[in-house]
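Notes follow once the structure below has been shown.
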Amino acid sequence: MLTGIRAGARGLAAAALTAAALLSPGLTAPAQAADSAPCTRDPNYPSLFRCPMWGTDINMRLAPDPNATASGKAPDNGYILADCQVKGGRATYGGYWHTWWVRSPASGMAPTRYMSEIFLVGGGNDEPDSGLPVC
């Protein structure tokens, strides 16, 4: 009977150590803000995603970098169509910063362009959009 009690105690001790290790701040992933408004597939263009955005007069760039050449403005209708997101140069605006950029594919005469994810609704600083694939 004593052997069964020892085995039970060892099992409880092992479970307690495992729980402590999993709950240790050094072993768990950092908390991230939830993306309250992820990009979603556009019903009219299934290969594209509709991403809600805020702001006006937002520069679109020829490369995912704040120092890249500006090539027009983002739409002012509250969303941008994108095909994916990519890491690039660090953009800042007010207290916000981001190294993720949405890629808007070439269309007609317009080349492929990029917009900083600072201007997407939801998420936090330097968090990729949870609904958009990585390029």
Side-chain angles (χ1 to χ4, degrees):
M1 195 65 170
L2 187 56
T3 306
I5 292 172
R6 281 190 186 159
R10 271 190 249 138
L12 285 174
L17 287 172
T18 301
L22 290 174
L23 296 174
S24 169
L27 298 176
T28 57
Q32 292 186 347
D35 189 347
S36 62
C39 298
T40 57
R41 285 222 182 259
D42 187 280
N44 300 316
Y45 305 98
S47 64
L48 298 178
F49 294 82
R50 186 179 174 122
C51 302
M53 54 181 272
W54 63 273
T56 58
D57 202 34
I58 302 165
N59 283 327
M60 298 290 291
R61 307 263 174 204
L62 292 177
D65 189 283
N67 298 314
T69 302
S71 176
K73 301 287 181 181
D76 60 359
N77 60 1
Y79 70 91
I80 186 169
L81 290 178
D83 60 353
C84 60
Q85 62 189 329
V86 63
K87 276 269 204 182
R90 182 183 169 131
T92 59
Y93 181 82
Y96 303 105
W97 60 274
H98 236 293
T99 57
W100 285 96
W101 295 73
V102 294
R103 183 174 80 179
S104 183
S107 176
M109 297 296 290
T112 298
R113 299 184 296 174
Y114 299 84
M115 181 188 82
S116 172
E117 287 194 18
I118 287 173
F119 300 103
L120 292 187
V121 175
N125 284 335
D126 211 28
E127 290 182 350
D129 186 88
S130 63
L132 198 56
V134 175
C135 298

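Just so you know, these numbers use all the heavy atoms, side chains as well, and skip hydrogens, waters and symmetry mates. Throughout, numbering of the chain's residues begins at 1 and tracks the sequence.
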- Message: So, using side chain to side chain contact (heavy atoms under 4.5 Å, CB included) as the criterion, who are the partners of Asp126 when residues are at least two apart?
- Response: Lys87, Trp97, His98, Thr99, Trp100
- Task: Examine distances only and state if a side-chain atom of Trp101 and a backbone atom of Gly89 form a donor-acceptor pair shorter than 3.5 Å.
- Result: yes
- Phe49, Met115: one ILVMFWY side-chain cluster at the under-4.5 Å cut-off? yes
- Using the test side chain to side chain donor-acceptor pair (under 3.5 Å), find all partners of Asp57 that sit at least two apart in sequence or belong to another chain. Lys73
- Query: Any chain of hydrophobic side-chain contacts (each under 4.5 Å) joining Met60 to Val121?
  - Reply: yes
- Item | disulfide (SG to SG under 2.5 Å) pairs, two or more places apart, involving residues 85-130 | none
- Phe119: ring-ring contact (aromatic ring centres under 6.0 Å, His included) partners, not counting sequence neighbours: Trp54, Tyr93
- Please collect all disulfide (SG to SG under 2.5 Å) contacts where either partner lies in residues 101-135, sequence neighbours excluded, each pair once. Cys84-Cys135
- Apply side chain to side chain donor-acceptor pair (under 3.5 Å) to Ser71 and list each qualifying residue two or more places apart in sequence or on a separate chain. none
Ignoring hydrogens and angles, write down the donor-acceptor pairs under 3.5 Å from the side chains of residues 36-48, residues two or more places apart or on other chains.
| from | atom 1 | to | atom 2 | distance (Å) |
| --- | --- | --- | --- | --- |
| Arg41 | NH1 | Pro46 | O | 2.8 |
| Asp42 | OD1 | Asn44 | N | 2.8 |
| Asp42 | OD1 | Tyr45 | N | 3.0 |

- Closest non-hydrogen atom pair, Asn125 against Gly95: ND2-O, 3.8 Å
- Message: Just to verify, what does Ala82 make a side chain to side chain contact (heavy atoms under 4.5 Å, CB included) with, not counting sequence neighbours?
- Response: Cys51, Val102, Leu132
- Could you give me the CA-CA distance, side-chain angles and deciding distance for Val134 and Val86, then say whether side-chain contact (heavy atoms from CB on, under 4.5 Å) is met? CA-CA 6 Å; Val134 175; Val86 63; 6.0 Å; no
- Message: Test: ring-ring contact (aromatic ring centres under 6.0 Å, His included). Region: residues 67-88. Which pairs qualify, not counting sequence neighbours?
- Response: none
- Under a 4.5 Å cut-off applied to non-hydrogen side-chain atoms, are Leu62 and Pro111 in contact? yes
- For Ala110, what residues pass the side chain to side chain contact (heavy atoms under 4.5 Å, CB included) criterion, not counting sequence neighbours? none
- Task: Quick one: which residue pairs count as a salt bridge (Lys or Arg N to Asp or Glu O under 4.0 Å) with a foot in residues 89-101, not counting sequence neighbours?
- Result: none
- Can you pull the salt bridge (Lys or Arg N to Asp or Glu O under 4.0 Å) pairs that have at least one residue in residues 94-121, sequence neighbours excluded? Asp83-Arg103
- Give a yes or no on this: more than 12 heavy atoms of other residues, nucleotides or ligands lie within 6.0 Å of atom CG of Asp76. no
- Query: Rounded to the nearest 0.5 Å, how far does CZ of Arg61 lie from OG of Ser104?
  - Reply: 15.0 Å
- Item | Pairwise side-chain contact, Ile80 with Arg50, heavy-atom cut-off 4.5 Å (strictly under) | no
